Visitor: 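Below is one structure. I have some questions about it.
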Amino acid sequence: GAVVSQHPSRVICKSGTSVKIECRSLDFQATTMFWYRQFPKQSLMLMATSNEGSKATYEQGVEKDKFLINHASLTLSTLTVTSAHPEDSSFYICSARGEAGGPSYNEQFFGPGTRLTVL
Amino acid sequence: QKEVEQDPGPLSVPEGAIVSLNCTYSNSAFQYFMWYRQYSRKGPELLMYTYSSGNKEDGRFTAQVDKSSKYISLFIRDSQPSDSATYLCATPPQGGSEKLVFGKGTKLTVNP
């Protein structure tokens, strides 16, 4: 149980284009999902917290107009990198908080990540 | 000072060795600590979850928290090549599972 998937696993795009990354909780409902970014040899940095049906909460320094987050259902959150540039190239990882009221509510389950390369 | 600091490694050990991975944290109010394992090009997976001081054991893995020195450790006994991965310590600064703060990670290689 508690499987989180991401799609695509890898994407290469041209500078100036937009890229959408999907994060799905496959066997549980996740009211809260998180989006992280990880640069090579660096740790995971939280970008934003996404709650189903409400606006995402962005961390300081993360441009909300550039990184659009939508959490329209209890099993799906999307991150859209708008007008991507080479410096946005990174490993994007989502996580989902365990189902409310369940034994794993205080645990985050991570997706496999999406490697974005902007040319 | 960063909230969580972690020995950068990399660490290379022979198969069967005991591995010690360590982190320090800055705020004595932190209560929950996690260790995640991340294989190359994959998302992290939770290994151990501890609360407060003391030891917690799960198979070959032991997590230790020393609140007096704000030091957390993960020990791996009888290390295997399959343990080769990056290990990250993490804590939720505000309690619960919101806003996990991660250490940089220590890359471990276990040589057969």
Side-chain angles (χ1 to χ4, degrees), chain A residues 1-10 21 23-26 30-51 56-60 62 90-100 102-117, chain B residues 1-11 21-26 30-52 56 58 63 72 74 85-109:
Chain A
V3 178
V4 176
S5 71
Q6 275 184 248
H7 178 80
S9 58
R10 176 176 289 190
I21 303 170
C23 176
R24 292 182 186 272
S25 57
L26 297 185
T31 53
T32 304
M33 290 184 172
F34 304 88
W35 286 97
Y36 295 83
R37 182 167 49 183
Q38 187 177 32
F39 291 107
K41 299 187 179 182
Q42 297 294 316
S43 190
L44 282 79
M45 297 297 294
L46 180 65
M47 298 175 67
T49 302
S50 168
N51 290 299
T57 302
Y58 290 82
E59 294 301 299
Q60 192 172 8
V62 178
S90 187
F91 194 49
Y92 292 86
I93 306 175
C94 71
S95 71
R97 188 172 187 172
E99 198 157 346
S104 57
Y105 183 57
N106 285 322
E107 187 173 343
Q108 288 188 31
F109 301 95
F110 285 83
T114 297
R115 184 160 301 280
L116 170 64
T117 302
Chain B
Q1 183 186 6
K2 290 187 177 179
E3 291 174 300
V4 179
E5 300 266 14
Q6 186 170 2
D7 285 352
L11 190 59
L21 303 165
N22 308 294
C23 291
T24 57
Y25 59 96
S26 58
F30 294 167
Q31 293 185 312
Y32 301 89
F33 304 94
M34 296 91 159
W35 282 96
Y36 285 84
R37 178 175 61 196
Q38 185 178 21
Y39 291 112
S40 182
R41 300 177 185 271
K42 301 291 184 184
E45 56 175 327
L46 181 65
L47 268 181
M48 303 281 288
Y49 180 106
T50 58
Y51 171 73
S52 193
K56 184 176 181 179
D58 184 1
I72 57 177
L74 178 70
T86 296
Y87 291 81
L88 303 120
C89 57
T91 185
Q94 297 168 356
S97 71
E98 299 287 338
K99 293 187 66 170
L100 283 179
V101 174
F102 285 85
K104 262 193 180 181
T106 302
K107 186 173 182 180
L108 171 68
T109 301

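In what follows, chains are A, B, ... by sequence order, proteins preceding strands, each numbered from 1. Since this is a predicted model, take the numbers as computed values, not measurements.
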Visitor: Which bit of B:Y39 comes within less than 4.5 Å of chain A, counting heavy atoms only: side chain, backbone, both or neither?
Guide: neither

Visitor: Any side-chain heavy atom of A:Y36 within less than 4.5 Å of one from B:L100?
Guide: yes

Visitor: Checking heavy atoms, do the side chain of A:L44, its backbone, both or neither come under 4.5 Å from chain B?
Guide: both

Visitor: Are side-chain heavy atoms of B:Q38 and A:Q38 found at a separation under 4.5 Å?
Guide: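 Yes, their side chains come closer than 4.5 Å.
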
Visitor: For the CZ atom of A:F110 and the NZ atom of B:K42, what is their distance to the nearest 0.5 Å?
Guide: 15.5 Å

Visitor: Return the option, out of A:Q6, A:R115, A:M45, with the maximum number of heavy-atom pairs under 4.5 Å with chain B.
Guide: A:R115

